Amino acid sequence: MMRVRTPGQLNVGILASGRGSNFEAIADAIERGDISAEIKLIISDKENALVLKKGEERKIPVLCVKPEDFADADTYERTLIEAFRSAEVELVALAGYMRLVGDEFINSFPYRIVNIHPALLPSFRGLHAQRQALEAGVRFSGCTVHMVDQGMDTGPIILQAVVPVDKDDDEESLANRILAEEHKIYWRALRLYCEGRLYVEGKRVLISEKV
Ligand code: GAR
């Protein structure tokens, strides 16, 4: 079993494509003093992403890096890696980042790229997870914070939260119920990194008792 990290202040980078409510929940937790971390840089692949505006309002450095400006995916991702490295980012939190992450990126931050997904993985990987849950007729869904590996939404699971699916739910109402839980578990998963409580064995993440 491998310990992911020893306790200490965590420098976080955010990679996001859109609205940025998960970023805000993490930033709020830091401001409240619930986690000993600092957001060093926000990168978005979308020029008009709200997350960039929200970051600027909080005086956090933001950067837009658009894949279409690069010859290929590797060059694009190398730019992300370098930007995060020069900002002294130790952990990258994907917060509504709607792309797959490549090998070089994953190997540059081993066990230190995390993602939030709006379903109880391994169910409903990929896009439109809430719609997939409704179509499958499940009684419960939820969200998952996991480490990112080479697969799509397949990495070691850190935390999950469950919500009921109501008979009248549509995609939006279910997404909102799940989102409220996302905002509670993402920063808690990051806190486990800060506290040095995460161990990995294969796909399994073990969380040690708080000392
Ligand atoms: C969240 O629901 C997140 O779980 C989902 O996108 C939304 C982003 O919202 N992520 C994925 O579906 C990743 N495949 P936000 O921009 O307000 O944090």
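Bear in mind that the values here come from a model prediction, so they are computed numbers and not experimental data. Atoms within each ligand, like the ligands themselves, are counted from 1 in listed order. Counting begins at 1 with the first residue of the sequence.
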Considering only protein heavy atoms, which is closest to [atom], and at what distance to one decimal place?
atom                    : result
atom 16 (O) of ligand 1 : Gly20 N, 2.8 Å
atom 14 (N) of ligand 1 : His117 ND1, 3.8 Å
atom 5 (C) of ligand 1  : Pro118 CD, 3.9 Å
atom 10 (N) of ligand 1 : Ile116 O, 3.7 Å
atom 4 (O) of ligand 1  : Glu182 OE1, 2.7 Å
atom 8 (C) of ligand 1  : Gly96 CA, 3.6 Å
atom 7 (C) of ligand 1  : Arg19 NH2, 4.1 Å

> Would you say Ser21 and ligand 1 have an N/O pair spaced under 3.5 Å apart?
Replying inline: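 Yes, since at least one N or O of Ser21 sits under 3.5 Å from an N or O of ligand 1.
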> Hey, is ligand 1 close enough to Asn22 that some N/O pair sits below 3.5 Å?
Replying inline: yes
> Given a cutoff of under 4.5 Å between side-chain heavy atoms of I, L, V, M, F, W and Y, with clusters grown through shared members, what are the other residues clustered with Leu121?
Replying inline: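 The other cluster members (ILVMFWY side chains, heavy atoms under 4.5 Å, direct or chained) are Ile157.
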> Considering only heavy atoms, which of Glu181, Met98, His183, Glu24 lies nearest to atom 13 (C) of ligand 1?
Replying inline: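 Result: the heavy atom closest to atom 13 (C) of ligand 1 is in Met98.
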> Is the number of heavy atoms from other residues, nucleotides or ligands under 6.0 Å of Arg32 CZ greater than 12?
Replying inline: yes
>> Test salt bridge (charged side-chain N to carboxylate O under 4.0 Å, His left out) on Arg99 and Asp45; report intermediate values, then the result.
In response: CA-CA 9 Å; Arg99 289 174 187 279; Asp45 58 332; 2.7 Å; yes
>> I'd like to know if the side chain of Asn176 pairs up with that of Ser173 as donor and acceptor (distance under 3.5 Å, no hydrogens or angles considered).
In response: no
> Do Glu182 and Asn22 have side-chain atoms, one donor and one acceptor, less than 3.5 Å apart?
Replying inline: yes
> Under 3.5 Å, side chain of Ser44 to main-chain N/O of Ala49, donor-acceptor pair present?
Replying inline: no
Can you give each donor-acceptor pair under 3.5 Å made by side-chain atoms of residues 104-114, sequence neighbours left out, with the distance rounded to 0.1 Å?
| from | atom 1 | to | atom 2 | distance (Å) |
| --- | --- | --- | --- | --- |
| Glu104 | OE1 | Arg78 | NE | 3.2 |
| Glu104 | OE1 | Arg78 | NH2 | 3.1 |
| Glu104 | OE2 | Arg78 | NE | 3.1 |
| Asn107 | ND2 | Asp103 | O | 3.2 |
| Ser108 | OG | Glu104 | O | 2.6 |
| Arg112 | NE | Glu90 | OE2 | 3.2 |
| Arg112 | NH1 | Pro110 | O | 3.2 |
| Arg112 | NH2 | Val4 | O | 2.9 |

